[in-house]
There are 2 protein chains.
Amino acid sequence: MGRPKAADHGEKRKAILEKSAELFATHGYDRASVAMLARRCGMSKALFYHYYSEKSEVLFDIIRSHIEDLLAVTDGLTGKHGDDPQRDLLVMSEALLEAYRTADNKHHVQINQLHLLPRNRQKTIKDMERQLVDRFSAAIAPCVPVEARSSGLLKPITMSLFGMLNWNYLWFRDQGPLCRRDYAKLAVTMVLEGAQNARVKALKPGSNIQLHTARFG
Amino acid sequence: MGRPKAADHGEKRKAILEKSAELFATHGYDRASVAMLARRCGMSKALFYHYYSEKSEVLFDIIRSHIEDLLAVTDGLTGKHGDDPQRDLLVMSEALLEAYRTADNKHHVQINQLHLLPRNRQKTIKDMERQLVDRFSAAIAPCVPVEARSSGLLKPITMSLFGMLNWNYLWFRDQGPLCRRDYAKLAVTMVLEGAQNARVKALKPGSNIQLHTARFG
DNA sequence: CCTACCGATCGGTAGG
DNA sequence: CCTACCGATCGGTAGG
């Protein structure tokens with residue numbers, strides 16, 4: 001029988017992830033040396049390698065645990081408001097932005113450094129990201145005109161919402177004029193009002209659709 | 001009199017930027033070695049250093065020239081449609097997305113690798129980015145309710161549009177159902193319809209505003 | 001759980 | 001005396 005893991009093994013790994021995410025976000029993955037990470041965690045390089053045997057596994061675990069958090073806070077939120085799917089979408093978007101409040105470094109690392117992972121590790125992450133996107137797509141679908149669902153507009157609409165929510169780390173400040181819940185409200189309003197006011201003009205199989213809006217024709 | 005620079009000096013540097021942007025986007029700045037860049041450009045490392053005396057200057061020039069392109073294609077586009085500022089905004093957004101068509105690598109590098117530049121070089125870039133954002137803010141301002149302009153909503157609205165347009169490199173495919181012009185139309189419609197349907201409920205100095213929408217109260 | 005190291009590779013520069 | 005360009009190798013530092 002191997003010696004059992006220390007009781008706080010998991011906690012130590014969690015602490016490593018937090019500190020490492022900070023250094024990765026600040027200096028970039030390749031420039032944040034393992035020696036630097038270990039020093040920041042108050043341990044030797046050798047002890048650091050006891051918790052993570054490869055540097056890339058630290059990066060992987062940062063992103064994996066972050067997306068797991070996002071999946072957790074957005075889980076089971078649909079159907080809670082009777083027949084008000086728009087409210088469901090708002091609540092999910094609020095939950096996402098709220099989760100970002102304390103995960104700025106991890107979010108930064110996910111966006112900018114995913115491609116530095118080994119291929120198969122990237123794939124695992126991308127599958128998880130797809131789950132999250134699919135969850136939002138499913139929440140958006142009942143809110144938009146049927147026609148949008150069948151013409152390939154659902155993906156552009158979903159990614160527009162993700163663009164707004166995920167881009168927010170570059171400019172949003174909690175000290176600013178808008179709170180997170182209100183920015184979620186603004187973003188969801190944009191997506192839903194925009195989707196209501198955009199129609200497919202022509203749908204020719206094999207070529208692009210043509211989009212019609214009241215404002216722009 | 002010093003010997004003049006070779007006639008194709010500027011062209012050679014441009015070719016270096018294209019190839020390097022590709023390698024930076026694929027492998028990341030730190031992993032794309034100068035030897036790799038030089039080989040990709042069909043020259044020795046020493047000749048490469050003749051054109052760029054520091055690796056970081058290549059990164060800087062990629063991002064600088066890219067944003068200069070974006071500033072160029074979005075310049076002088078307002079006031080062209082009489083009293084239709086919404087059309088101006090659409091045309092600017094179309095121009096931006098169209099510029100992204102052939103600049104995917106540079107866009108990727110700008111988004112993900114700006115922070116790897118030396119501090120003062122980062123500042124130069126951020127000032128240029130601010131110019132572009134300000135240009136869009138100025139185009140959006142006449143399209144939204146006056147109240148939005150004075151309550152601090154203009155920045156969130158502007159950044160929502162940038163979020164949608166700049167996020168698109170992660171999912172948009174020219175082979176997809178939507179062409180670039182139509183995605184610009186969709187994004188601008190979302191921003192404008194959303195801004196029309198969002199009102200400031202309470203404006204208390206020193207604290208957050210409260211947002212009101214028809215859908216969500 | 002540490003210090004002492006390794007094989008490999010980096011960005012940048014030498015002489016000619 | 002300048003810039004353009006080569007093959008070879010430098011001092012330092014990375015992950016492990």
Side-chain angles (χ1 to χ4, degrees), chain A residues 2-13 15-17 19-63 109 113 115-121, chain B residues 1-17 19-24 26-63 109 113 115-122:
Chain A
R3 173 170 164 177
K5 293 203 167 143
D8 60 352
H9 187 87
E11 290 167 37
K12 284 255 179 70
R13 279 173 61 110
I16 289 176
L17 290 190
K19 309 264 208 286
S20 299
E22 183 194 324
L23 291 172
F24 287 164
T26 308
H27 304 280
Y29 174 77
D30 286 314
R31 296 182 186 187
S33 68
V34 174
M36 202 185 285
L37 302 182
R39 195 176 340 113
R40 181 74 180 77
C41 294
M43 52 179 78
S44 67
K45 242 178 14 165
L47 180 52
F48 187 92
Y49 272 101
H50 169 67
Y51 291 103
Y52 283 99
S53 61
E54 282 185 48
K55 189 188 182 191
S56 70
E57 281 301 292
V58 182
L59 178 58
F60 174 74
D61 217 18
I62 288 169
I63 304 178
V109 168
Q113 292 163 14
H115 70 113
L116 298 178
L117 281 177
R119 287 245 172 269
N120 59 331
R121 289 312 213 176
Chain B
M1 304 264 286
R3 173 169 166 177
K5 295 212 165 135
D8 61 352
H9 186 87
E11 288 168 37
K12 284 255 179 72
R13 280 173 61 108
K14 276 213 160 190
I16 288 175
L17 290 190
K19 309 264 208 287
S20 300
E22 183 194 325
L23 291 172
F24 287 165
T26 308
H27 303 281
Y29 174 77
D30 285 313
R31 297 183 186 185
S33 68
V34 174
M36 204 184 288
L37 303 182
R39 194 175 341 114
R40 181 76 178 76
C41 295
M43 51 179 80
S44 67
K45 233 172 35 156
L47 180 51
F48 187 93
Y49 272 103
H50 169 68
Y51 291 104
Y52 282 100
S53 61
E54 281 186 49
K55 189 188 180 189
S56 71
E57 281 300 293
V58 182
L59 178 59
F60 174 74
D61 217 18
I62 288 168
I63 304 179
V109 167
Q113 292 164 12
H115 71 113
L116 298 178
L117 281 175
R119 286 244 172 270
N120 58 332
R121 289 311 213 176
Q122 278 187 52

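Chain letters run A, B, ... following the sequence lines, proteins first and then strands; every chain starts at 1. Predicted, not measured: the structure shown is a model, and the values here were computed from it.
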Between atom [atom1] in [X] and atom [atom2] in [N], what is the gap in whole Å?
| X | N | atom1 | atom2 | result |
| --- | --- | --- | --- | --- |
| A/Tyr49 | C/dC6 | OH | C1' | 14 Å |
| A/Glu54 | D/dG15 | CD | C1' | 10 Å |
| A/Glu57 | D/dG15 | CD | C1' | 15 Å |
| A/Leu47 | C/dT3 | CG | C1' | 14 Å |
| B/Leu23 | C/dC10 | CG | P | 13 Å |
| A/Asp30 | D/dG16 | CG | P | 11 Å |
| A/Arg39 | D/dA14 | CZ | C1' | 14 Å |
| A/Phe48 | C/dC2 | CZ | C1' | 17 Å |

Worksheet item: Of the candidate nucleotides C/dC10, C/dT13, D/dG16, which contains the atom at the shortest distance from the side chain of A/Lys45?
Response: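 Given the options C/dC10, C/dT13, D/dG16, the side chain of A/Lys45 is closest to D/dG16.
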Practice prompt. Would you indicate which nucleotide in D/dC6, C/dC2, D/dG15 comes nearest to any side-chain atom of A/Ala46?
Written response: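 So the side chain of A/Ala46 is nearest to C/dC2.
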Discussion item. So, under a plain 3.5 Å distance rule, would you say the side chain of A/Lys55 forms a donor-acceptor pair with the base of D/dG16?
Written reply: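 Such a pair does not exist between side chain and base.
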Discussion item. Quick check on D/dC6: is either OP1 or OP2 less than 4.0 Å from any side-chain nitrogen or oxygen of B/Ser44?
Written reply: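 Yes, within the criterion.
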Practice prompt. Please check the phosphate of D/dC5 (OP1 and OP2 only) for any side-chain N or O of B/Tyr51 closer than 4.0 Å.
Written response: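 Answer yes for this pair, as a side-chain N or O of B/Tyr51 is under 4.0 Å from OP1 or OP2.
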Item to complete: Step by step, work out the side-chain contact (heavy atoms from CB on, under 4.5 Å) result for A/Phe24 and A/Val58.
Response: CA-CA 10 Å; A/Phe24 287 164; A/Val58 182; 4.1 Å; yes
Practice prompt. Would you mind reporting whether A/Glu54 and A/Phe60 have side-chain heavy atoms less than 4.5 Å apart?
Written response: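 Answer no - side chains too far apart.
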Practice prompt. Any chance you could measure A/Leu116, atom CG, to A/Arg121, atom CZ, to the nearest 0.5 Å?
Written response: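 Here the rounded value is 15.0 Å.
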Worksheet item: Looking at CG of A/Leu23 and CZ of A/Arg31, how far apart are the two atoms once the value is rounded to the nearest 0.5 Å?
Response: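 Atom-to-atom, A/Leu23:CG and A/Arg31:CZ are 14.0 Å apart.
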